[in-house]
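One structure is given below, encoded as structure tokens.
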Amino acid sequence: MPHDNEDADHRSTEDAKEREQEEEIHEGREIGDSGPSQNPRDPPVVNAERTGAPSLDESEHASSQERTRASEYLRSKCPLCFGSTTPSTPSDNASIPTVVVCVDACFTQKHNDQKGKDPRRVHPDTMFIPPEKVKEMEEYVESTHSARPTKRSRVQEDDDDDCLESGMKVPKSALDGCNSSFEAANGTAKSRAKGFDERALAGMFCPHGNCLFLVTMNSLGEKQHYVLVMLEALFEQIPRSWTVGFLYDVACQVERSCRKWGFLSDYMDRILWGVSVFHVYGHEWACQLVYHPRKCKGFGFCDGETCERCWHAISRLIAYTRVAGYFVRLYTLDSQFLFNNQQVLLGAGSFLRRKIRICQDRRVAAQEEFEKAGQTLDLLRAEWSSQVKSQTKPLPRQRKTAAKSAVEETLRLRKNMEVLENRVHDLESLLTSDQSTTYQRAMAEDDLLKAKSELKKAQQKSARQESSLGISDRQQLKHLMNSPFLTKRMNARSIKIRLRERLRARKFEFDRLERSYRKQQSEQRLDNHTREAIQRREPGIANLATKYNKLCDEMAELIRRRKAPRSAVVPKKIERTTLFDLDVDEEIWQDVSLRDDDEDPPLWLCNENVRKGIRAMLELERCDEEMTRLRMQRRALQDDRGLKHQLELRRKYLLKLYAVWEKPLVEFSDGFDVEWGPSLEEIAEARMEMYTDSVEIDNGDFDVAFEEDADTVLVERLDTFDVVDSFRGVSNEDV
């Protein structure tokens, strides 16, 4: 080969090598993108064997059980949330989760089905969870569901009372109502089925707006396995002592599924579930009491709507990513979210300052409201606990065999009471008998105390049951086993309890509207959403009142036809015109002939000062939680280890810049200072790292003295020959 052609080959190879190195620096592969990525519309093609998974290094994964801080991946995404080491978790902060995340899906981020895919392009710092992991979670969920028992008949379901499912704090009736209210909960299609290979984008974000994980959705609805795989990915990269506050549109349904089917069983005790603020008003009131981030402990002022703001930030890419290549779309989204994360980090100081000011202002206002209420903190806590317990307890349902079941339960309780009475009598006889041994008397004294305690409880329970029936004669109970009057009476009591709870829930939901005076645009949207949710429920409330009044008429007819007990009294009908007033003197609270235990409305409902005090108390608690979290985030920004880590990454980045710039600037160095700042050892280390990225060098030690004394142009040419020979597979022994 002529020498000129060989020089041309050397130059072309060298130029190609330098361009590749410049691209690597531009993409920020060493520090995870310290600036905006290159043009996302023309991304470089990377190795097709890369999975693109946001995963741990092998060394980090091996020590994940003992880690004291989040993975490097999460720390690079949000230093505020994940930059600190494991806190000592003092007793006063035990209820505050270590980190808070929110999840949502965006159904405008679709991708047209192009009957094929472009060459594989994966961002070096991708946030997308690999499709293989998503598919694995989907198959696991489906296989678990397929193992469910045979569905029960509709008649059997109708005979079941409302109940608390295992591990849940909200009754089944409320969860069913939430499930039917949201498309996301039951997987209803939100996107057209035809013409798209990816129908949505799901993401997990921190409260500051940093994107943590992304998943492409090819299903018609918001399936739960997308949420589960992101939660699993999060827990794999945080210490085992950390807890997570999780905000989602239908978090109640996700928790319900996890507890029912055993999903995320290793992490359930570390998750605090909450519903995002904008969607919480579409849930049943019982669900709001448990999942509202302003009512449950731990979330501070996190609203869970960060996802919506992030989707809006990338809305300008909808048109382009819909028609772009499959992998180009993913690369573009990665680049944009990485840039957004960098902007959030730049504004971290302003974010903390704004949040602290808001928190301080809200605390002052809440403290004034608390003092005006004039109630003690212990009373307010007790009333709030009573309200939550009362409004989240299961509600009785109507049953066609209500009379028979109630009577059978009464007879069973009476029989149990008789057995206990005989037991007490036998023990007392044993104690007074002269033939009893000392050991028998000692045992009898012990058993007698337990038997008397059980008898007392049985008597109280039997009295409550008979009071609900309004009948005390055992013979008459047997005659009433098939009484139509008693059936209607029990059903009327059931309906009235449900109606009362629905009206209570409606009144508390309207409190938000009644207390709103100065509304910003976002607050107005929430108010409109609340009003629409309330209006949707009004027909159901009115329907319950109609059913109750109809049962009253039927009971009056049975009394007129003498098919009811002699002492039977017809309950007073409910006035439809004043139904929604819910005043203390309304008939809804009076259970004449029904004998309910809750005859008088509680303080948390009828006392306005108590209600104001409870609202102020909850606001003060959220202020304290928010300040605690803001202090933790402020500490994370200045954490010694985190700061050293970031400085070390920056040092490596600058050294690599020098190593890449060194050769091209040789001919343009006259008149410039030869000192760049780093030591000779650091420069030699950077050179070695740059060359060993692609070339295997047997002897990696640089002769620093030779490098300084030799001609730089000669050194450059010799290095170029070494690189070309290494790519051609020529060794020094062959030359």
Side-chain angles (χ1 to χ4, degrees), residues 154-155 157-162 173 394-415 461-504 506 538-601:
R154 182 63 178 269
V155 176
E157 290 180 355
D158 289 342
D159 285 344
D160 286 344
D161 283 338
D162 193 12
S173 59
L395 301 177
R397 296 183 181 274
Q398 298 184 69
R399 299 174 65 178
K400 297 179 180 180
T401 61
K404 183 176 180 179
S405 300
V407 170
E408 288 178 349
E409 177 66 13
T410 303
L411 292 174
R412 188 190 67 80
L413 291 174
R414 283 195 171 190
K415 182 64 176 176
K461 190 172 183 179
S462 178
R464 286 196 299 267
Q465 178 67 17
E466 293 181 14
S467 176
S468 67
L469 291 175
I471 299 168
S472 59
D473 192 319
R474 180 175 178 179
Q475 297 299 324
Q476 192 175 9
L477 284 177
K478 293 182 178 179
H479 291 300
L480 290 175
M481 290 289 289
N482 297 310
S483 169
F485 180 85
L486 187 55
T487 298
K488 296 183 184 302
R489 182 177 179 276
M490 295 295 290
N491 287 339
R493 178 174 176 268
S494 172
I495 290 177
K496 197 164 191 179
I497 292 175
R498 296 179 68 83
L499 179 59
R500 182 182 300 149
E501 295 301 324
R502 294 273 188 96
L503 289 172
R504 283 174 175 171
R506 180 183 181 275
E538 285 185 357
I541 295 175
N543 188 34
L544 281 178
T546 301
K547 288 183 178 180
Y548 177 82
N549 290 339
K550 183 179 179 181
L551 285 173
C552 291
D553 292 337
E554 293 175 355
M555 282 188 284
E557 179 63 19
L558 289 173
I559 292 176
R560 188 185 65 80
R561 295 165 55 186
R562 297 182 179 180
K563 291 186 177 181
R566 295 180 181 179
S567 58
V569 179
V570 181
K572 188 176 179 180
K573 297 171 66 174
I574 296 175
E575 292 291 336
R576 292 285 300 275
T577 56
T578 60
L579 174 62
F580 295 103
D581 293 343
L582 206 62
D583 292 332
V584 175
D585 297 329
E586 286 297 322
E587 171 58 29
I588 190 66
W589 306 114
Q590 308 302 323
D591 285 339
V592 177
S593 79
L594 295 181
R595 297 288 303 279
D596 192 11
D597 295 334
D598 246 349
E599 295 183 358
D600 297 325

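Note: hydrogens, waters and symmetry copies are ignored here, and every other heavy atom, side chains too, is used.
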Practice problem: Could you list the residues that satisfy side chain to side chain contact (heavy atoms under 4.5 Å, CB included) with R560, not counting sequence neighbours? | Solution: E557
Quiz item: Are any non-hydrogen side-chain atoms of L558 and E554 less than 4.5 angstrom apart?
Solution: no
Self-check item: Closest non-hydrogen atom pair between S173 and D162, with its separation
Solution: OG-OD2, 2.6 Å
